[in-house]
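Since the structure comes first, as structure tokens, the remarks are kept for the end.
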Amino acid sequence: MDRLAALFEQLPLPEVGRIVRRTAISAIIVGVIALAVSIGLSHPFAGLGACIGLGLGLANIRLITGSVARVSASGTEHPRRALAVKTLYRLGLTTLVVIGLLFASVQLGFGTAGGIAVFYLLLIVNLVRVLLQQGTAGVSA
């Protein structure tokens, strides 16, 4: 968690917004493709689950940015502790949603878990892409 925060600290705030926006657009595209492919393969609940998982990942990132902004603005004495507690609550809620959907339908539950994993993979790909571009721009300058 500290290393990820250190990576984001290297980026200007507008760039972080662009990374999240690119990730959201990528997630929408992947969700539409997953839904179409799963319907074509006669497993529509898996595609719906993937869309739900992608949405949960996006909601989690939005909640993280809001939490960081609120904790930074409040001047909390132990900001890491406050952020860690909020992260545990979000992780627990997400886990409960996935388990609940898994009990409702195995396809839906596994699709949701896969959608969350794909969302974070998209986020990492977008983050690494920006970091590599900045590194290349820094070398040539």
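One is the number of the first residue; the rest follow in order along the sequence.
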Consider only side-chain heavy atoms of I, L, V, M, F, W and Y, link residues closer than 4.5 Å, and tell whether F103 and F45 are in one cluster. no
Should N126 and V20 count as side-chain neighbours, where that means a heavy-atom distance under 4.5 Å? no
Any non-hydrogen side-chain atom of Y120 less than 4.5 Å from a side-chain atom of I61? yes
CG/L58 to CZ/F119 distance, rounded to the nearest 0.5 angstrom? 5.0 Å
Let me know which of I52, L108, T112 forms a side-chain contact (heavy atoms from CB on, under 4.5 Å) with V98. T112
Measure the spacing between CG of L88 and CG of L93 and express it to the nearest 0.5 Å. 12.5 Å
Which value, rounded to the nearest 0.5 Å, describes the distance between L96 atom CG and L101 atom CG? 11.0 Å
Distance in Å, T94 OG1 paired with L63 CG, rounded so as to fall on 0.5 Å steps: 8.5 Å
Identify the heavy atoms of G31 and C51 that sit nearest to each other, and give their distance. O-SG, 3.3 Å
Could you grab the distance from atom CG of L127 to atom CD1 of I19, nearest 0.5 Å is fine? 5.0 Å
Of all heavy-atom pairs between A50 and A34, which one has the smallest distance, and what is that distance? CB-CB, 4.1 Å
I'd like to check R22 versus V130 (side-chain heavy atoms, cut-off strictly below 4.5 Å). Are they in contact? yes
When clusters are formed by joining ILVMFWY residues with side-chain heavy atoms under 4.5 Å apart, either directly or through shared neighbours, do I25 and I33 land in the same one? yes
Could you state whether L132 and I124 fall into the same hydrophobic cluster, counting links through intermediate Ile, Leu, Val, Met, Phe, Trp or Tyr residues with side-chain heavy atoms under 4.5 angstrom apart? yes
Check whether any side-chain heavy atom of R90 sits under 4.5 Å from a side-chain heavy atom of I64, and report yes or no. yes
Of all heavy-atom pairs between L35 and G47, which one has the smallest distance, and what is that distance? CD1-C, 3.6 Å
Is L48 linked to V30 within one hydrophobic cluster, defined over Ile, Leu, Val, Met, Phe, Trp and Tyr using a side-chain heavy-atom separation of less than 4.5 Å? yes
How many angstroms lie between CG in L54 and OG in S26, if you round to the nearest 0.5 Å? 10.0 Å
